[in-house]
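Values in this document were obtained by computation on a predicted structure and should not be read as measured data. Throughout, a chain's letter reflects where its sequence line sits, starting with A, and its residues are numbered from 1. Computation of the quantities below employed the complete heavy-atom set of this structure, encompassing side-chain atoms and omitting hydrogens, waters and symmetry-equivalent molecules.
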Amino acid sequence: MIDTSKINYPRVAFYFLIISLFILGIIFYQSIFAYVLSSLFFAYLLNPIVFSLEKAHVPRIIGIGIVYFFIIGIIIGIALFVIPPLIKQANELVNTISVYVKNIDSIQQKIPYIDKVTDFFNSLQAKFPFLTFQKDLANFGSKILDQVHNLPSILFDFVKNLVSIVALLVTIPIVGFFILNDKEKFMKAFFAFVPNKYFELTVLLMRKLDNVAGTYLRALMIEISIVSVLSSIALVIVGVPYALLIGIIAGFANAIPYFGPSIGVILAIVSVIINSQPMSIAVYAIIGLYLVQAIDNNIVYPIVIGKNTEMHPLIIMLTVIAGGYAWGVLGMFLSVPIVFLVKEIMIVLYKNLKDFEII
Amino acid sequence: MNVFKKLFNKKKFIYDERLVDVPFLKKLKPRELGLFNRMIYKRNFKKGEIIFKKDYPNVVLYFLMKGTVQILLNNEKSIVISELEPYSFFGELGMYIDTKRSASVVSKTDTELYAVSKDEFKHFVDTFPKIGVKILYALGQNMSKDIIKSNERLKECESKLKDKMSNDRYIQN
């Protein structure tokens, strides 16, 4: 039984007020969460550079200025040299795809094996009617394909929607600037709300979160950049059509465990086929992308990410598939890091809740 | 424009003036104190509140800025090993060895503490080795003094024990 005479009503009312304000705050600010998250991500990536400048006696505010100056340079460079050919390639690809979607039969004629594969699955289905994998596979495939198909149009919507781009381009660096400059102030303000009893535990958790998320994000960005550049170079050398577009997609897709690396290869092969190029180019493309994979797995990954995620391959695979079902390509991309982060935090939380005698 | 004025006109190195009085931060320059100040979380404890217990994880190093704390051998109401006055620090063992808390600490009066995360402190020492050397050297000095003190107390205890034993023998005889 709860002794009602001991309840401190003003305190309960105050906590209730705080929780209500918190919920109202979330509702009020929900539309800018994406901006804040992107800015956090942005600040996270730049923080080590600003910090190392500070180490060299460059005041933080000037350090941030220097980093911003270089980023603007890189953005201008990308806008001048990478975006125009990328849009052109995406445009051409959309045209080619739409032509092929109209006469889908001709694809089957060009790739005779597709019929045999379909026959095989059909016969399997007939023998084991309880297996619905064909439907599942088709569902899963179409979900992913939808997004891949939509990619160029997403890109166009993006360009069309200039207002949000400008908002993004302006907001992220400004919010990012304040996060970079006043990181410690925000942390102090946050910790001021943490009761003494949970203070040390919260310090531990924040440290872990910072460690896992920060290291992973930075490593991921570096790996994506390197693999994108290497894949694009390899595909340009081999002579695959839309080499730049496919190279960049391959770089991003590479971050999806197990399934990712094959996406680049598949796109390269499809590009060769729909452009009626000789199949030898496809073979060279496979070899080229395989070499990029070898470089990534043996040199880039061990240096950049270092430690393995320490998750069983089966769990990683299932997590990627679940992510794909839930949020499509983005889900495949994010599911493993999110699950890994939650797992790590829960391990630390459980151990320390016991150590601090909270549970 | 006010925001930008504020950003550029603010005092160059912001830190709590009292940090200068903390013995092992004495040798730091304003820039170094400003950098150190960023890691500090201010905590207030009420009289009798437990700051940490023996065998808790070693996460944070504390500087006592106001009030008195008691260091206890075991949990809660056990032997008081010592009492600390303002500008001393505790919980520094975790900086050097990966152990749990070796004693409990309770605030004797209302206290104000500055908490610094052990990991952030280590990172700070790694990134700013020149400042780190100054701090670690002063920390080492302080710990050496503590060891000398406890050796003396041990000697006292030994002689008291000897006296007691000889007394007991005398009574027995």
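- In terms of heavy atoms, B:H123 sits closest to A:R207 at CB-NH2, 4.5 Å.
- Looking only at distances, no side-chain donor or acceptor of A:K55 sits under 3.5 Å from a matching main-chain atom of B:F128.
- Interface residue B:K100: only side-chain heavy atoms are found under 4.5 Å from chain A.
- When all heavy atoms are compared, the tightest approach of A:D355 to B:Y56 is O-CD1, 3.4 Å.
- By the neighbour-count criterion of 12 heavy atoms within 6.0 Å, atom CZ of A:F186 is densely surrounded, having more than that number from other residues, nucleotides or ligands.
- Results of the side chain to side chain contact (heavy atoms under 4.5 Å, CB included) test with A:E200 over B:R101, B:K118, B:R43 single out B:R101 as the only residue that passes.
- Neither the backbone nor the side chain of B:F124 has a heavy atom closer than 4.5 Å to any heavy atom of chain A.
- Shown here is A:Y350, whose OH atom has no more than 12 heavy atoms of other residues, nucleotides or ligands within 6.0 Å.
- Taking the six-membered ring where the residue is Trp, A:F199 and B:Y41 present perpendicular rings, their angle passing 60° and hence far from 30°.
- Counting non-hydrogen atoms of neighbouring residues, nucleotides and ligands closer than 6.0 angstrom, the CE atom of B:M95 exceeds 12 such neighbours.
- The part of B:F52 that comes within reach of chain A is its side chain, from C-beta onward, which places non-hydrogen atoms under 4.5 angstrom from that chain.
- Interface check for chain A: of the options B:L35, B:I40, B:N37, B:D55, the most heavy-atom pairs under 4.5 Å are formed by B:I40.
- In this structure, B:K122 places its NZ atom where more than 12 heavy-atom neighbours from other residues, nucleotides or ligands lie under 6.0 Å away.
- Note: A:E184 leads A:E184, A:K183, A:K351, A:K197 in heavy-atom pairs under 4.5 Å with chain B.
- Expressed to the nearest 0.5 Å, how far CE of A:M187 lies from CE of B:M39 amounts to 13.0 Å.
- Salt bridge absent: A:E54 and B:R31 never bring a charged side-chain N and a carboxylate O closer than 4.0 Å.
- Contact of A:N196 with chain B is made through backbone and side chain together, with heavy-atom distances under 4.5 Å.
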What's the verdict on side-chain contact (heavy atoms from CB on, under 4.5 Å) for B:K53 and A:E357, showing C-alpha distance, side-chain angles and the deciding distance? CA-CA 10 Å; B:K53 282 188 188 172; A:E357 296 177 343; 3.2 Å; yes
